Structure formats: C-alpha cells, structure tokens
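Below: the structure, in structure tokens.
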Amino acid sequence: MTKRPRVRFAPSPTGGLHLGGVRTVLYNYLFAKKNGGDFVLRIEDTDQSRYVPGAEEYIFNCLDWVGLTPDESPLHGGPFGPYRQSERKPMYRQYAEQLVKAGHAYYAFDTPEELEKMRQDFKTEQNPSPQYDHTLRMKMRNSLSLSEAETQQLLDSGTRHVIRIKMPEQETISFTDMIRGEVSFDTSLVDDKVLLKADNMPTYHLAVVVDDYLMQITHAFRGEEWLPSAPVHILCWKYLFGLDQMPQWAHLPLILGPNGKLSKRDGAKYGFPVFAMNWTDPKTNELTEGFREKGFLPEAFINLLALLGWNDGTEKEIFTKEELINAFSLDRVHSAGAKFDYEKAKWFNHEWIKNADASALKPVVKTILEEKGLTVNDEALLEKVIGLVKDRCTLLPDFYEQAGFFFQRPAVLDTESVKPKWNDAKNLFFAEVIRNFELSPVWEAHELEANFKEIAAANKIKPGEVLMPFRIMLVGGKFGPHVFDIAALLGKEETIHRIKNALSLFA
RNA sequence: GGCCCGUUCGUCUAAGGGCUAGGACACCACCCUUUCACGGUGGUGAUACGGGUUCGAAUCCCGUACGGGCUACCA
C-alpha cells in the first residue's frame, strides 16, 4: 500500500561539497536504504551565472569517496531523467503559465533597476528590506497592475519578464515537518517569489516542486535554511499537483561553526576542513582543504556526520554504514542546530584507525608514505608496522611521523637528550650489545630485551639509563612503540647499523 | 525591522511528568608504561530566566532573554 520511498539530494554545482551537504546526502541515503527505497541525485544548475566548471564532477567524486552512491543521477542514469535541471529547461514554463492562467501567478516586467529603486524607495527603519508582496505589487509593472491589453502588448513585443507567484493575502499555510512537527506561516508576510526567470529558467522554488513531482519523490529532506520558503513550495504543490501528492518534508538542523552557519571561511580561520575533499576554485585558484586529504577515513567521516544531530538512543557511537542503515530513523534527528567540534571529529577518526585491520589500512598508508618520499618495498613489513603504530595515529598522515623511521634512517638524532649523560660505561655497554646482537641466533623482541637487560645488569647499568639512548639511536627521538618491537622489525643488520652510527655521534 | 526555527555540562547528546539529570569529546588527577600513545580508575562541569498546570516538572502551556536561519530573476 505504502509507496516505495524515493528521496533526493539536489546540490547546486557551485563549489566544494560542504559538511552539511554530505550529512544531508547521508540522511537521504540512510532513509532510502533503511526503507528499501531509491536515492536520487539531481543537479540544481538553474543559475547559469553561477556555473563552476568541475563542481559537478567533484560532487560525484565526493559521493564516491564516502560510498554513498545514488541509484539515479546524471551519471548513473535512471527512468526519471534528465537529472540535470538545465537539461529540463523546456519543462518548466508550462507549469508557470498554468499558474498564471489559474490566477495564482502573474507576469512581472520590472527591470533589475526598477526593483532596486523600489527597495530604496520603500526602505524605512521599520522595514529595512521591502518585499515584492501584496502591499507593493500594484505599484509595480506586472499583469496585475497593468491592463490586459498592455500586458499582452508587452508580451507580444518580447519584453523580458518573469513569472511571480501571487501570495494569497489572508491564509495560513501549515504542514507537518517530520523533525519539528507542525509549522505554520501567514501568507500575507511572504513575498511574491519569482518562479520563472527572464531566461526561462525556473528558480529553485518552481524547479523543486516540478521535479519532485515528476521524479515521484516521496520524502524531501533539506537544510533548515529552506524553512522560510516552504510556504511558497507548498502553495505550488497545492495549485499544481495537489497536496495529497506532496512529499513529506523534513528540515534538517544546521551545522554551525563558531559563529553561525558553518562556512568554508570558518575552516580556514580555525584550522579544520569543511569540505569533503580538497576543492580548488577554478577562478581564484584558492584551495580549500578537505577531510579526505586531511587524513580522515571515509567510514569515520560518515560516522561522525551521522552522529552530528542524530543518535540511536543508546550510548553507541561507533557505527559502520550498515549499522547506520539499520539504526537510522528520522524521528531521532535533533531539531536544534549542532556546533561542529573538530576535536570530537578527530576522535572518531582515531577510533576507526585503531579498530581497522592493518591490512585494510595498508594501501592508504602506503600512499601517504610514498607521497612523503619514502620507498616501501616490503608489504609484509608495512603491515606489521601499521599494526604496531596505529593506536597512536589520529589522522592518516600521523603514520609518517609514527612509522617513517622503519623505512628511512632518521635524518637527525636527538643527541642533546643523550650527550650530557653519556660516558664510557655506556659506550662499552653498547659495544657489548652489538657483539651480542651480532651473535644472536633469534631476532625477536622478547629475546632482545632479555639479552639487553642481562648485559646491563652485568655492567651494573640500570636499564633506564640506556633504554632512552637506544630508542634515540633507532628512531631519532623520544617517541614510538616499544623499542624492542622496533628493533625486531628493523632487523639485525639495520639495528646494529643504527647503533654504530649513533655511537659515533654521541661520543 | 519582520517572519520562522531553536535553547540540558565548553562541545555532541540521553532522560518523551516521578532517579544522586546518564554517556561521549575536551580538560585535570592517579594507575599502567624505564619514551610517546593506547588502556584503566576517578574528578571538574548543564536543565537560560520568570510565571503557570500538576501531589510531582529538564519534560506540558505562556511570556522574556539569548542563539540561529530567511528576508535576490542564488541555491
């Protein structure tokens, strides 16, 4: 009986894909998959002046990276195409005309200059931004204020014009939002929004209802910033297709930055990514950093986004995509905006790295090490190294700091931490360690540690005095996993080489 | 200015009339660790305010304050 759910994400390809955008995709996707429905991606490219080359492809790459693949899209096709609004251009005018004929919309001939003049002329302290609404429309040049003959004449002569919705004067529009419940608006306070632009492209307001209808969308999710224009869309639905055809709406809470709606500026200012992946503005060449390049795992990214405004009612916080699909429900989405906390975001990533199998991490870690100029030719070693250090990596590039010394001898050693307390006894001790290691038949961490400590005891040296120098010999500084684990993985030859080399520097 | 939405630790949140208001991040302390992390234990820390309704309100209602969004031939 109930229709198969169809949801859609409708970005405009004007730049990088924002955190909030990805979360909207995610909630759409989760809802669709949870309820056995379809997830449609539609490109809202009705503003030709804002066309940005590469932005659409970028969006697809982002979705690919996070693994939220649409069932229908300009790229994947589907039975309701085309999925790019610019390619649907011829469809829209008839609906706008239909509204004019029914008396719900009208032609408006005002030029941008005239509109600007109106805004200036009627601007007062009480009303800083005058609207093109029922109080003003008879003072403007449109098919309501002009005679039929004048209107026809303007139309016939090909005068540039738009079609505006005629908002009723005394009506209350209300609907039930899936997240915030009953919401209502007084139509006398809403302006006569443009539905069809002078270039025959629809505005968002017309396009969203026409396309949602034509694409048989059952549930429409979007950011809360759209709430104020909901009455326009609802009226269009009512006049064009009937309210019983209208999808159910859910206005998602906003993701906030330190001051208001999170913007890419916030990212630059406070040092965290806002876009899913790196985005370079083709005009300015300005690069905005993305979560992927910052070193986030896509699974972690999805996970942290899901929990920004939603929870399953338990204390569980780490979810795989499948678990999210299973647990997701819109009525557990918060209605209040959520401030983005980068520290918590990093914690999610750390959890995912810690819990990941070393083998699963191997390809991406290898890429990172190689990008930093290291050569990795022993895959088995790499896997062991990852297993050893992943607990201390929060972001993927941390693997370079934590594991780089396995693949490259440390360029500089922290000799200052050793030299002041260095003496002949230690020299002799390490000489003996070298002899012992050279003869050691087995090369294994516990064995090495036992031998090391035996030699220390025999030389009346406390292990604590030589452990740190040993570490610095191998890794260059005071960091890394257990020294003997490091030595074990480094191998006999390399370990001894590093001891000898360091000895010459410490003396 | 107008309209709309919102308000529980610094942050993300749980608790849909009945508990010492719970968890997580961050922070602090201790333990583990002869490095740094991981891990473990504990701690600091919140119902914006004022009125109702009720035997009883974080929870329901009203007002105030504060925050956010919108107010384009942009989405």
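Per chain, numbering begins at 1; letters A, B, ... match sequence-line order. Below, each value reflects all heavy atoms present in this structure, side chains not excepted, and no hydrogens, waters or symmetry copies. Remember, it's a predicted structure, so these values are computed and weren't measured experimentally.
- Cation-pi geometry between A:Lys316 and A:Phe319 is met: the NZ or CZ atom falls under 6.0 Å from the ring centre, inside 45° of the normal.
- Taking a pair to require two hydrogen-bonding distances under 3.5 Å in either a Watson-Crick or a G-U wobble arrangement, B:C19 remains unpaired.
- Residue order along RNA chain B, read from the 5' end via each residue's closest nucleotide, puts A:Ala338 first among A:Ala338 and A:Leu467.
- Between B:C70 and A:Lys261, a contact under 4.0 Å exists linking OP1 or OP2 to a side-chain N or O.
- Using a 4.0 Å cut-off, some side-chain N or O of A:His334 falls inside it from OP1 or OP2 of B:A14.
- Along RNA chain B, the nucleotide nearest to A:Glu225 and the one nearest to A:Pro11 differ in position, and the one closer to the 5' end is contacted by A:Glu225.
- A donor-acceptor contact under 3.5 Å links the side chain of A:Lys344 to the base of B:A24.
- Rounded to an integer number of Å, the gap from A:Asp186 CG to B:C5 P is 12 Å.
- B:C25 shows a glycosidic angle more than 90° from 0 and is accordingly assigned anti.
- Base pairing analysis places B:G39 opposite B:C31; the two distances defining the Watson-Crick or G-U wobble pair are each below 3.5 Å.
- Using C1' as the reference atom, B:C19 and B:C31 are 31 Å apart when rounded to the nearest Å.
- Going from the P atom of B:A26 to that of B:G18 covers 33 Å, rounded to whole Å.
- Between A:Ile486 atom CD1 and B:A37 atom P there is a gap of 15 Å when expressed in whole angstrom units.
- Nucleotide B:A24 is matched to B:U11 when pairs are restricted to Watson-Crick or G-U wobble geometry with both distances under 3.5 angstrom.
- Note: A:His233 and A:Trp226 have tilted aromatic rings, judged against thresholds of 30 and 60 degrees for the angle between ring planes.
- Distance A:Leu136 CG to B:G2 P: 18 Å, rounded to the nearest Å.
- Regarding A:Asp47, its CG atom lies at a distance of 5 Å from the P atom of B:C74, rounded to whole Å.
- Relative to the side chain of A:Phe185, the nucleotides B:C3, B:C12, B:A24 differ in distance, and B:C3 lies closest.
- Between A:Tyr107 and A:Phe109, the ring planes are tilted. Angles from 30° to 60° get that label.
- Note: A:Trp422 and A:Phe430 have parallel aromatic rings, judged against thresholds of 30 and 60 degrees for the angle between ring planes.
- A sub-4.0 Å separation between OP1 or OP2 of B:A72 and a side-chain N or O of A:Lys197 is absent.
- Checking B:G2, B:U11, B:C38 against every side-chain atom of A:Asp391, the shortest atom distance belongs to B:C38.
- Straight-line distance from the CH2 atom of A:Trp226 to the P atom of B:A72: 13 Å, rounded to whole Å.
- In this structure, the side chains of A:Phe340 and A:Asp266 stay at 4.5 Å or more apart for every pair of heavy atoms.
- The phosphate of B:A72 (OP1 or OP2) has no side-chain N or O of A:Arg164 nearer than 4.0 angstrom.
- A:Thr46 has a side-chain polar atom (N or O) that falls below the 4.0 Å cut-off from OP1 or OP2 of B:A75.
- With a cut-off of 3.5 Å on both pairing distances, B:A57 has no Watson-Crick or G-U wobble partner at all.
- When the C1' atom is compared between B:A14 and B:A75, the two are found 35 Å apart, to the nearest whole Å.
- Residue-level contact check: A:Val194 touches the backbone only, with heavy atoms under 4.0 Å from sugar-phosphate atoms and none from bases.
- Within 4.0 Å of A:Ser335, counting heavy atoms only, lie sugar-phosphate atoms of the nucleic acid but no base atom.
- Remark: B:C66 base-pairs with B:G6; criterion is Watson-Crick or G-U wobble with both hydrogen-bond distances under 3.5 Å.
- Separation of the C1' atoms belonging to B:U44 and B:G39 is 22 Å when rounded to the nearest angstrom.
- Note on A:Arg471: every side-chain N or O is 4.0 Å or more away from OP1 and OP2 of B:U33.
- Side-chain nitrogen and oxygen atoms of A:Asn127 include none within less than 4.0 Å of the OP1 or OP2 phosphate oxygen of B:G1.
- When heavy atoms are screened at a 4.0 angstrom cut-off, A:Gly223 is found touching no nucleic acid atom at all.
- Relative ring orientation between A:Phe328 and A:Tyr27 is described as tilted, the plane-to-plane angle lying within the 30° to 60° band.
- Contact between the side-chain N/O atoms of A:Arg50 and the OP1/OP2 oxygens of B:A75 is not found at any separation under 4.0 Å.
- When both pairing distances are held under 3.5 Å, B:G1 makes a Watson-Crick or G-U pair with B:U71.
- Aromatic ring orientation, A:His251 versus A:Trp249: parallel (interplanar angle below 30°, classes split at 30° and 60°).
- For A:Leu256 and B:C12, the CG to P distance is 8 Å, given to the nearest whole Å.
- Searching all strands for a Watson-Crick or G-U wobble partner of B:G45 with both distances below 3.5 Å returns nothing.
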